[in-house]
Undergrad: 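Let me begin by handing over the structure; questions about it come next.
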Amino acid sequence: MRSATAAGVPTIMVPDLQQPSAELRRLCASVAADLDEVNQWLRETAHGVATAPPAH
């Protein structure tokens, strides 16, 4: 996350067993509930529907 953020790459985190710390949450463009949510956003973005990552 830190490397991607430093490189200017937006990141979407999908937490597993633990929720991200406040520090990691600040680094993420978004925190998605599951991979289906990320997949849907990517599909919409590829078709020009979505303009932002899923909301926190």
Side-chain angles (χ1 to χ4, degrees):
M1 300 305 265
R2 290 178 184 92
S3 296
T5 301
V9 177
T11 56
I12 300 173
M13 177 182 268
V14 181
D16 188 13
L17 298 175
Q18 296 180 2
Q19 291 299 309
S21 66
E23 175 193 3
L24 285 179
R25 191 173 283 276
R26 281 191 302 273
L27 295 175
C28 298
S30 184
V31 177
D34 55 37
L35 290 175
D36 289 331
E37 188 176 322
V38 175
N39 185 32
Q40 182 64 35
W41 180 81
L42 291 171
R43 289 175 183 274
E44 291 173 356
T45 300
H47 291 99
V49 175
T51 58
H56 287 293

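Just the heavy atoms: all of them, side chains too, but no hydrogens, waters or symmetry mates, feed the values below.
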Undergrad: Look only at the side chain of Glu37 and the backbone of Ala33, and say whether a donor-acceptor pair between them is shorter than 3.5 Å.
TA: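 Such a contact is found between Glu37 side chain and Ala33 backbone.
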
Undergrad: So, taking the atom named OG1 in Thr5 and the one named CZ in Arg26, what distance separates them when rounded to the nearest 0.5 Å?
TA: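 Nearest 0.5 Å value for the OG1-CZ distance: 11.5 Å.
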
Undergrad: What's the spacing between Thr11 OG1 and Arg2 CZ if we round to 0.5 Å?
TA: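 Answer rounded to 0.5 Å: 11.0 Å.
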
Undergrad: Give, for atom CG of Leu35 and atom CD1 of Ile12, the distance between the pair rounded to the nearest 0.5 Å.
TA: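 So the CG of Leu35 and the CD1 of Ile12 are separated by 10.5 Å.
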
Undergrad: First locate atom OG of Ser21, then atom CG of Leu27, and finally report the distance between them rounded to the nearest 0.5 Å.
TA: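 If we round to the nearest 0.5 Å, Ser21:OG and Leu27:CG are 8.0 Å apart.
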
Undergrad: Find the distance between CG (Leu24) and CD (Gln19) and round it off to the nearest 0.5 Å.
TA: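 One finds 11.5 Å between CG of Leu24 and CD of Gln19.
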
Undergrad: Looking at every heavy atom in both Val38 and Val14, which two are closest together, and how far apart are they?
TA: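 Where Val38 meets Val14 most closely, the heavy atoms are CG2-CG2, 3.7 Å.
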
Undergrad: Measuring from Met13:CE to Arg25:CZ, what's the distance to the nearest 0.5 Å?
TA: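 Atom-to-atom, Met13:CE and Arg25:CZ are 8.5 Å apart.
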
Undergrad: Looking only at heavy atoms, which two atoms of Pro15 and Ala32 are closest? And how far apart?
TA: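 In this case the closest contact between Pro15 and Ala32 is CD-O, 3.4 Å.
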
